[in-house]
Chemist: 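Got a structure for you, questions after.
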Amino acid sequence: MKVENYSLKMPKAVFGGVNSLEKIPQILAEAGAKHVAVFTDKSIKGAGLFTLIEEQVINSGLGYEVYDDLPAEPSYMQVQENIERFKKTTADFIIACGGGSVIDSAKLASILLTDEYGVKELLDEPTRAKNCAKILAVPTTAGTGAECTPNAIVGVPEKAVKIGIVNLNMIPDYVILDAKLIEHLPRKIAASTGIDAMCHAIECYTSNKANPFSNTFALEAFDLIMNNIEKACDDSTAMEEKNRMQIAAFYGKVAITASGTTAVHALSYPLGGKYHIAHGVSNAMLLIPVMKYNYQDPQFQKRLAVAWDKAYHGDKKFEGSEQKAHALIEWMSSIVKHLDIPGDLKEFGVDPKDLDELVTAGMAQQRLLVNNMRTLTDSDAKKIYLEII
Ligand SMILES: NC(=O)c1ccc[n+]([C@@H]2O[C@H](COP(=O)([O-])OP(=O)(O)OC[C@H]3O[C@@H](n4cnc5c(N)ncnc54)[C@H](O)[C@@H]3O)[C@@H](O)[C@H]2O)c1
Ligand SMILES: [Zn+2]
């Protein structure tokens, strides 16, 4: 019998639901925190979300300082600049309040606080750094799931790509999923980050690395996303749907940590690195072309059929895997269109002459491409990019 190994890695404690932000003083006390560093950014502050955290830190009676200079989707140098400032601090506990960009930067800071080297060195030797400050992640988007992974993604401008640094010490110690944080998330961001979560769920479920742990979380995430994403994005008062999206984003990322994403994420990375297209937007563009490419594999169809049975709660009846898989791709496509995410690269100034360079950069993401059920060649990747260029 073939023995398979798989593992589940998660934050130590997760607090969800109404007013879970009020847990902050208790978390700080339990962790023995003495001084707090709050990582955030200007948009989060502008949206009034930092104040919600600040109130709770003040309630805890601890001193705190704020790091809010981070741009969205930062390069490793920009993350390092922040860390240099942070190294002069006496803070021993980090609260990261923001989207994936802020959370990833804070996670890197939490393992580099006392080290001589920096993020650049971790690009080559990611496991070198050890945990030196505890961290609470409070996500303000529902998509990246950065609050539960050992990954931090940084731009590497000289290579025109984004690179994921993976180090188990970066799994946040604590997470709070409070829908208040995404109540006024602009629709555009809610849509792209929500589709990112959809990609995590369906890619993990169809990954060559899928296993019982990842399947459980991926299917639950997929069901929640397919049935809540539109209302959560369209209706600012839909707090239940928004909370379900937060839970789904979290589940989707637990699934990734146990399995892995596939060709959507692999081909998406160069678009973020070189053209600074938001991660969820480039994933949304590639999702349907990659699903259609994989559809030619009967095993892939079978997996999509299971995902259809799990997520679809309406009256349509299909018998075979082929029909269910087809219907599921159509459903995902209709959601992407409903959310008004750009369907191609036209508005991003991508020169068709860059196509070969894109293919090379996309195909270099073998870490993820080996997870894709249907093998991709350079010419397959080129055809997929051509569909969106
Ligand atoms: N670590 C991981 O596991 C992982 C996984 C996927 C992606 N990522 C990375 O995460 C980053 C993307 O993260 P993201 O999609 O969450 O977006 P983001 O953090 O880049 O934020 C996008 C913009 O939205 C603003 N914003 C966020 N929440 C808001 C809110 N509630 N109200 C108003 N404005 C708000 C931010 O200030 C920012 O300007 C990328 O760098 C990506 O590569 C990390
Ligand atoms: Zn992603």
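Being a predicted model, the structure only gives us computed values, none of them experimental. Heavy-atom basis, side chains included; hydrogens, waters and symmetry copies ignored. Both counts, for ligands and for their atoms, begin at 1 and track the order of listing. The first residue of the sequence shown is numbered 1, and numbering continues consecutively from there.
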Chemist: If you count the non-hydrogen atoms of other residues, nucleotides and ligands that lie under 6.0 Å from NZ in K159, is the total more than 12?
Modeler: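 No, because the 6.0 Å sphere around NZ of K159 holds 12 heavy atoms or fewer from other groups.
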
Chemist: Evaluate the ring planes of H265 and Y269, with Trp represented by its six-membered ring, and classify them as parallel (under 30°), tilted (30 to 60°) or perpendicular (over 60°).
Modeler: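 Ring orientation, 0 to 90° scale: perpendicular.
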
Chemist: Measure from the ring center of Y275 to the ring center of F348 and say whether it is less than 6.0 Å.
Modeler: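 No, the ring of Y275 stays outside the 6.0 Å limit from the ring of F348, centre to centre.
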
Chemist: Any idea how Y67 and F39 line up, ring-wise: parallel (<30°), tilted (30 to 60°), or perpendicular (>60°)?
Modeler: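 Because their plane-to-plane angle is under 30°, the rings of Y67 and F39 count as parallel.
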
Chemist: Could you please provide the protein residues found below 4.0 Å of ligand 1 on a heavy-atom basis, arranged by chain and number?
Modeler: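 Residues within 4.0 Å of ligand 1: D41, S43, I44, A47, L49, A72, E73, G99, G100, S101, D104, K107, T140, T141, T144, A146, T149, N151, I153, K162, L181, L185, P186, I189, T193, K253, H279.
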
Chemist: Taking the six-membered ring for Trp and the single ring otherwise, decide whether the centroids of F217 and F250 are under 6.0 Å apart.
Modeler: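 No.
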
Chemist: So, N294 versus N372: side-chain donor-acceptor pair below 3.5 Å or not?
Modeler: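 Result is yes, a qualifying pair exists.
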
Chemist: Would you call K188 and D340 a salt bridge, using N to O less than 4.0 angstrom?
Modeler: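 Salt bridge absent between K188 and D340.
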
Chemist: Can Y76 and Q78 be counted as having a side-chain donor-acceptor contact under 3.5 angstrom?
Modeler: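 Judged by distance alone, the side chains do not pair up.
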
Chemist: Could you grab the protein N, O or S atoms closer than 2.8 Å to the Zn ion (ligand 2) for me?
Modeler: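 Only D196 OD1, H200 NE2, H265 NE2, H279 NE2 fall inside 2.8 Å of the Zn ion (ligand 2).
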
Chemist: Would you check if the distance from the ring center of Y205 to the ring center of F222 is below 6.0 Å?
Modeler: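 Between Y205 and F222, the centre distance exceeds or equals 6.0 Å.
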
